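The structure appears below as structure tokens.
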Amino acid sequence: MRISAFHLTTQREVPADAEIVSHQLMLRTGMIRKLTSGIYTWTPLGLKVLRKVEQVVREEMDASGSLEMLMPSVQPAELWQESGRWDDFGPLLLKMADRAGREFAFGPTHEEVITEFARAEVRSYKQLPICFYQIQTKFRDEIRPRFGVMRAREFLMKDGYSFHVDEECLGRFYQVMFDTYTRIFERLGLEFKAVEADSGAIGGAVSHEFHVLADSGEDQIAHVPDGSFAANVERAEAVAVGERAEPTEKLRLVDTPDAKTIAELVEQFDVPIEKTVKTLVVEASRSSGQELIALLIRGDHELNAVKAEKHPDVASPLRMATEEEIRAVIDAGPGSLGPFRLTIPCIADRQVALMSDFVCGGNIDGKHYFGLNWVRDVAVPKTADLRSVVAGDPAPDGSGELALLRGIEVGHIFQLGRKYSEAMNAVVMDENGRAVHPAMGCYGIGVSRIVASAIEQNHDEAGILWPEPMAPFDVVLLPLNGHKSHRVRELAEKFYDQLRAAGLDVLMDDRNQRPGVMFADAELIGIPHQLVIGDRGLDKGIVEYRQRGGENQEIPINEAVEFLKQA
RNA sequence: CGGGGCGUAGCGCAGCCUGGUAGCGCAACUGCUUUGGGAGCAGUAGGUCGCAGGUUCAAAUCCUGCCGCCCCGACCA
């Protein structure tokens with residue numbers, strides 16, 4: 001491609017409303033343009049990258065035996081009502097109506113459509129196992145779209161769905177997909193980690209996420225360095241450490257008028273934060289027969305909402321009680337609550353149940369208990385894993401100490417089981433002639449998000465450093481002052497033809513720009529290999545090879561094409 | 001959804017407080033010069049000042065409403 005025939009619109013200035021590096025660089029290189037909040041146009045440059053990612057995904061999915069297809073993006077409401085997700089999916093679902101008033105959703109995912117397809121098409125166990133996939137635009141009406149295509153409302157996703165007669169077959173195929181995903185991210189040249197995950201709104205039991213590691217990642221990962229354990233912090237089990245010590249302090253009620261938070265308590269009363277307990281009041285589940293329930297967490301720990309809302313006594317989704325609701329049942333407000341003489345039920349984090357001589361709110365405004373002890377002063381409540389792990393916690397599998405990393409979720413695989421095949425009554429005949437609901441797996445990759453995450457992980461002051469498999473071009477030719485020098489121009493043209501003939505994706509900077517502009521643009525858009533052709537080098541019989549982010553070297557003219565083929 | 005901020009040329013911004021000819025830098029276009037790290041000079045083009053209403057002789061500027069975009073929050077006791 002010649003730049004003169006391309007649409008290259010780089011910008012020197014950083015766009016004001018782009019917060020993270022990938023968003024800034026995607027705008028500065030001109031890869032994307034915002035149409036409206038969370039909705040982007042992919043320009044020819046950006047689309048080249050997107051297509052390269054797509055192609056790697058497609059090749060590996062095909063190699064796994066999965067079959068590509070294309071499902072509609074607009075889906076009838078009935079299908080979603082059948083699965084129960086028309087309401088469950090909530091405001092994330094973009095709904096619309098046709099001229100007759102029939103309701104539709106723009107697909108945020110395709111479990112319903114594929115299940116509808118499978119129940120019509122797949123009748124016999126002999127057709128199983130089978131896995132269909134597509135690469136398609138999805139729409140999720142995110143609460144707050146941000147970071148460009150990283151958390152966009154409209155995005156490109158690869159989604160695959162497999163069907164199996166039994167769980168055992170699903171488990172085997174799940175491993176095939178795990179390996180396929182591993183190969184995809186390896187081939188793309190990304191530093192990533194597969195972690196145990198919560199299955200969230202999609203449903204199902206076993207689930208893994210694939211994260212591109214980057215400091216700007218929105219997810220936290222707990223893992224044992226050089227160990228086998230890795231899990232999303234949402235899910236990583238927090239193991240209680242130690243044993244409960246005998247009481248040594250007397251229980252006393254202390255005036256704490258200015259201590260509404262754990263931080264204030266620690267500062268004003270010189271109490272170690274590990275000796276404090278915070279009491280969070282949340283809505284209780286219907287099945288518990290209660291209105292509110294208190295959750296006890298050690299002062300330096302954080303409540304894990306994903307874990308809490310899975311508890312049978314806690315309402316899902318988790319909702320914190322308002323001050324009015326709390327005051328209606330307890331004689332104190334937030335900031336002065338605790339388990340002693342508490343008028344509502346409570347659940348303690350496992351670690352809290354092992355504490356002794358601790359400090360907590362007094363259930364009287366402006367007062368805290370010091371020296372509180374389980375058993376002696378108050379019965380040990382129900383316990384559960386309610387907190388998020390922190391660095392240094394033991395791994396739940398005993399393999400070592402946990403460290404935390406930040407990641408960008410780019411892939412997620414699930415063993416769904418029969419949630420959709422049962423809800424939508426998809427059945428196949430098994431070898432005994434019985435109708436059974438097939439077990440399903442589902443496998444997603446955020447194709448557009450991969451592009452952004454690759455930039456987050458691979459950039460410098462000058463711009464993007466694309467991993468080669470996803471670079472928009474393999475090599476850029478920079479003929480310096482080509483409009484003045486015939487021999488520079490002619491050599492560049494010769495290289496252009498020869499490199500293209502060798503199967504390389506070549507960009508020729510034929511703009512007659514000053515050298516500084518050409519270098520800056522080549523670096524900004526991150527092309528891995530540059531070949532600089534200038535009179536200065538030609539006098540010495542060489543051209544200059546530059547690897548993006550690497551070393552420069554001089555190459556004899558007649559070896560250049562071969563050199564680039566190898567590089 | 002709650003809080004905050006911002007809407008002026010493709011991008012980044014000033015002007016608004018104190019009403020009176022709409023400006024700067026980058027980008028774009030033309031010409032000349034320049035040419036190994038985002039050139040110089042001269043010129044050109046580009047604006048419903050987010051939209052609507054109001055106040056006023058006069059509104060980018062003051063008032064009201066609406067719309068859009070961005071940031072923070074929605075784990076806080």
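Side chains are part of it too, since the values below use all heavy atoms of this structure and drop only hydrogens, waters and symmetry mates. Everything numeric in this text was worked out from a predicted model, so none of it was measured. In what follows, chains carry the letters A, B, and so on, assigned in the order in which the sequence lines appear, proteins first and then strands, with residues in each chain numbered from 1.
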Could you tell me which residues satisfy side chain to side chain contact (heavy atoms under 4.5 Å, CB included) with A/V378, sequence neighbours excluded, listed by chain and number? A/F340, A/L372, A/W374
According to the Watson-Crick and G-U wobble definitions, with both distances under 3.5 Å, which nucleotide is paired to B/G12? B/C24
With both distances under 3.5 Å as the test, what is the Watson-Crick or G-U wobble partner of B/G68? B/C6
Taking only the side-chain heavy atoms of A/R514 (C-beta and beyond), determine which of B/U34, B/C69, B/C71 contains the nearest atom. B/U34
State which residues pass side chain to side chain contact (heavy atoms under 4.5 Å, CB included) with A/R151; sequence neighbours excluded, sorted by chain then number. A/E142, A/R146, A/E218, A/R449
B/C41 pairs with which nucleotide, Watson-Crick or G-U wobble, both distances below 3.5 Å? B/G31
Assign A/T279 to base, sugar-phosphate, or nothing according to its heavy-atom contacts below 4.0 angstrom with the strands shown. base
Partner nucleotide of B/G36 by Watson-Crick or wobble geometry (both distances under 3.5 Å): none
Distance-only donor-acceptor test, A/E544 side-chain atoms vs B/G36 base atoms, 3.5 Å: yes
With sequence neighbours excluded, what pairs up with A/E19 under the side-chain hydrogen bond (donor to acceptor under 3.5 Å, both in side chains) test? none
A/N512 CG - B/C29 P separation (whole Å): 12 Å
Could you state the CD-P distance from A/E218 to B/C72, rounded to the nearest angstrom? 10 Å
Tell me what A/S336 touches on the nucleic acid: a base, only sugar-phosphate, or nothing, going by heavy atoms under 4.0 Å. sugar-phosphate
Please enumerate all residues that pass salt bridge (Lys or Arg N to Asp or Glu O under 4.0 Å) together with A/E13, with sequence neighbours excluded. none
Side chain of A/K278 (C-beta onward), nearest among B/A77, B/C71, B/G38: B/A77
Measure from the side-chain N and O atoms of A/T29 to the backbone N and O of A/L25, and report whether any donor-acceptor pair falls under 3.5 Å. yes
Is A/D535 side chain donor-acceptor paired with the B/G36 base, going by distance under 3.5 Å alone? no
Using whole Å, what does the distance between atom C1' of nucleotide B/G68 and atom CZ of A/R153 come to? 12 Å
Check whether any side-chain N or O of A/Q457 sits under 3.5 Å from a backbone N or O of A/V212 as a donor-acceptor pair, and report yes or no. no
Under the salt bridge (Lys or Arg N to Asp or Glu O under 4.0 Å) rule, collect the residues that match up with A/D385, sequence neighbours excluded. A/K307
Pair partner, B/G73 [Watson-Crick or wobble, under 3.5 Å]: B/C1
Kindly give the atom pairs (protein nitrogen or oxygen, nucleotide nitrogen or oxygen) under 3.5 Å for nucleotides 6-13 of chain B.
{"residue": "B/G12", "atom": "OP1", "partner": "A/A16", "partner atom": "N", "Å": "3.2"}

Who are the side-chain hydrogen bond (donor to acceptor under 3.5 Å, both in side chains) partners of A/E559, not counting sequence neighbours? none
Whole-Å distance separating the CZ atom of A/R144 from the P atom of B/C69: 13 Å
Where the side chain of A/P334 is concerned, which of B/A77, B/C26, B/C71 is the nearest nucleotide? B/A77
Can you name the salt bridge (Lys or Arg N to Asp or Glu O under 4.0 Å) partners of A/R33, sequence neighbours left out? none
Note: for A/G335 and A/V532 on RNA chain B, the residue whose nearest nucleotide lies more 5' is A/V532
Look at the side chain of A/L524 and decide which nucleotide, out of B/A77, B/U34, B/G38, has an atom nearest to it. B/G38
Close residues, residues 536-543 of chain A, relative to RNA chain B [heavy-atom separation under 4.0 Å]: A/R536, A/G537
Looking at A/K278 and A/D349, does any basic side-chain N land under 4.0 Å from a carboxylate oxygen? no
Watson-Crick or G-U wobble partner for B/U18, using a 3.5 Å limit on both distances? none
With a 3.5 Å limit on both atom pairs, tell me what B/C62 is paired to, counting Watson-Crick and G-U wobble, or say none. B/G54
Candidates B/C1, B/A77, B/C69 - which lies nearest the side chain of A/S37: B/C69
Does the A/D510 side chain pair with the main chain of A/S4, one donor and one acceptor, at a distance under 3.5 Å? yes
Check RNA chain B against residues 474-497 of chain A and give the residues with a non-hydrogen atom under 4.0 Å, in numerical order. A/L480, A/N481, A/H483, A/K484
List for me each residue that meets salt bridge (Lys or Arg N to Asp or Glu O under 4.0 Å) alongside A/R341, sequence neighbours excluded, and say none if there are none. none
Just to verify, what does A/K540 make a side-chain hydrogen bond (donor to acceptor under 3.5 Å, both in side chains) with, not counting sequence neighbours? A/E554
